[in-house]
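Written below as C-alpha cells is the structure these notes are about.
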2 protein chains.
Amino acid sequence: MIDSPPTPPSPIAVAVDIVVFTVADEDLKVLLIKRGVAPYKDAWALPGGFVREDESVDDAARRELAEETAVEDIYLEQLYTFGEVDRDPRDRVVTVAYFALIDAQSVQILGGTDASQAAWHSMYAAPELAFDHNTILELALRRLRYKLEYAPVAFQLLPEEFTLSQLQATYEVILSQPLDKRNFRRKILNLGILRDTGRTRSDGPHRPARLYAFRQERFEQATGGKVIFSF
Amino acid sequence: MIDSPPTPPSPIAVAVDIVVFTVADEDLKVLLIKRGVAPYKDAWALPGGFVREDESVDDAARRELAEETAVEDIYLEQLYTFGEVDRDPRDRVVTVAYFALIDAQSVQILGGTDASQAAWHSMYAAPELAFDHNTILELALRRLRYKLEYAPVAFQLLPEEFTLSQLQATYEVILSQPLDKRNFRRKILNLGILRDTGRTRSDGPHRPARLYAFRQERFEQATGGKVIFSF
DNA sequence: TCAAAAGTGTTTCCCCTACACCCATGG
DNA sequence: CCATGGGTGTAGGGGAAACACTTTTGA
C-alpha cells in the first residue's frame, strides 16, 4: 500500500516439469525418468530441469521435452505452478508444470533408446515419485480428462490418419469408461473437425476402417479464438 | 536423457501478481497500483511483489493481497505463470499470476484509504499497464467469464446475503451481455446451491426482494470434488 | 462360413431458449 | 395511483443418451 523498498529478488530456483502422456497398448502412459542424482536418487520422477537465464519458461519446457523425446511439434500446455517452500528437501525450487501429448508411434524412438533411464509407465499404476510429482501427475490427469470433453486434444495422441475406433479407444482409455459407439461417432463427425481421407485401412479379418484426419483450421474457426491458451 | 550434471539454479526472481476483481457501480473493476519505483515508475500495474524465501508462492499472493486490501477470506486462484525472458526490462523475473474476487462492500476500506496509490479501475477501460500486465488482465477476464459458467464464483463478488437481481447483474456485468430474468432465476435455483434466508430487503418504491445465501456445502457435494483446484 | 470389427437410425428425455404479465411497495 | 423493480409459466427445438443389427473382410 505504502511504497515499500523493492524486495531484493529472492534466491529461488525456477524449474519446469513435464507430464508427457501417450496412449499405447490400450493404456494411458506417462513418461518417467529415473533420477541419477540426489535428492531422491534412483526414484522415478517427471522429466524436467531448471530454467536457464536466457530462455523463457515455455522454451525451457520445450527444451527438456526435446532432450527426452527427440520429437518436434509436440502439444505442450502449461499446467500449474507449484511453489510450496519444502517441495524440494534441499533448495527452494518453484516448478512450472506442463503437460504434453504425443503420438506413441512417433516416439517409439525413446522406448528403444540406449541405457537411458526414461520409460513409459501406466498412468494408472504409477510408482511413488520424487518431490510432489505424484500431485502434479494427478492434476495433469484431471486436466487431460477435462480438456478432452471440449477441446480437440485426443488427436495429439494419434498419428496423422486414424480410424474412428482408434479415436474412441483413446477417449475410453483416458476417461476410463466405455462410450457408446454410435453416439460417439455422431458427436465427433458433427463437430466437423474431421476430414475423411477417402482411404481405408485393413487390420485383420474384418471390414476395413475409414481413415480420418484432423482439420485444425476448422476447429480454430469454430472456437472463434475462445480457448487455445491456458484452460 | 543421459545424466547431465545438475544445472545450477538460475538467478531468476519469482514474483506474484494479482488481478483483484470486484463488481461495483454496475461495472467490473480491477485493482491497480501506481508504481513508485522504476521500472515503469508512475505507470499503473497489478498489485504484486517478490516471493520470499520462507513463504510459498500461494502465501506470497495472499500476503500481497492482504497488504493491499486488508480483507480476509478472499477467493484466490492461480491463473497462469508468465516467464518470457524480457518481460521485465531489467531483471529476469518470472511471475505467477493469480486472480482474486472480493465483495465490493467489504473492501470499501481501501477505496477510502490514505494517499496510497491503489485504485479501482473499470476493467473495460483499463489503462496501459506496466510489464505484460495487460496480457495478464485479459487472461484473467477470459478465465473469470469461463468459470462463471460452471463454477459458483459470482457469489465471491457479493455480500453474504444478496438478491437474485444482484446476482444476475453481476453475471451481466462480467459477461457484458443481458440475460433473461426468468431463465436466469430458474437455472440458478435449480442448481440447489442457494438458500432462501426467509428475509427480504426493501430497496425503494417497489416490491422487496428475497435474500439468498450461497450454500457452499451443497455445491461441493454436487461437484463431487471435481473442480476446486485450478481450471 | 465364421469370427471380428466397421458402420448405421430412431426414440426419448431433458435442458435451453424465447417470450409477457401481475405483484408488492414507497412516495 | 403510479412508478419501479420483484416475481412467475409455458411451448418449442436441439442435443444427449439408450439401444441392436447389418456389412465387409481375412482366414
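Here is the naming used below: chain letters follow the sequence lines, and residue numbers restart at 1 for every chain.
Atom NZ of B/K187 is separated from atom P of C/dA18 by 11 Å (rounded to the nearest Å). The CD1-P distance, from A/I188 to D/dA17, rounds to 13 Å in whole Å. Computed from coordinates, the B/R201 CZ to C/dA24 P distance equals 20 Å when rounded to whole Å. Going from atom CG of B/N190 over to atom P of D/dT8 covers 12 Å, rounded to whole Å. Rounded to whole Å, the distance from CZ on B/F184 to P on D/dG6 is 12 Å.
Under 4.0 Å is where a charged nitrogen must lie from a carboxylate oxygen, and between A/K34 and A/D42 no such pair does. Ion pairing of A/E149 with A/R145 is absent here, as no side-chain N (NZ or NE/NH1/NH2) approaches a carboxylate O to less than 4.0 Å.
Ring geometry, A/Y150 versus B/Y146: the interplanar angle falls from 30° to 60°, so the pair is classed tilted.
Side chains of B/F162 and B/L211 form no contact here, defined as non-hydrogen atoms less than 4.5 Å apart. In this structure the side chain of B/F184 never reaches within 4.5 angstrom of the side chain of B/R182, judged on heavy atoms.
Shortest non-hydrogen contact noted between A/E77 and A/R143 is OE2-NE, 3.5 Å.
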*Could you write nucleotides 5-13 of chain C as a row of B, S and -, 5' to 3', where a protein heavy atom under 4.0 Å of any base atom gives B, of only sugar-phosphate atoms gives S, and otherwise -?*
BBBBBB---

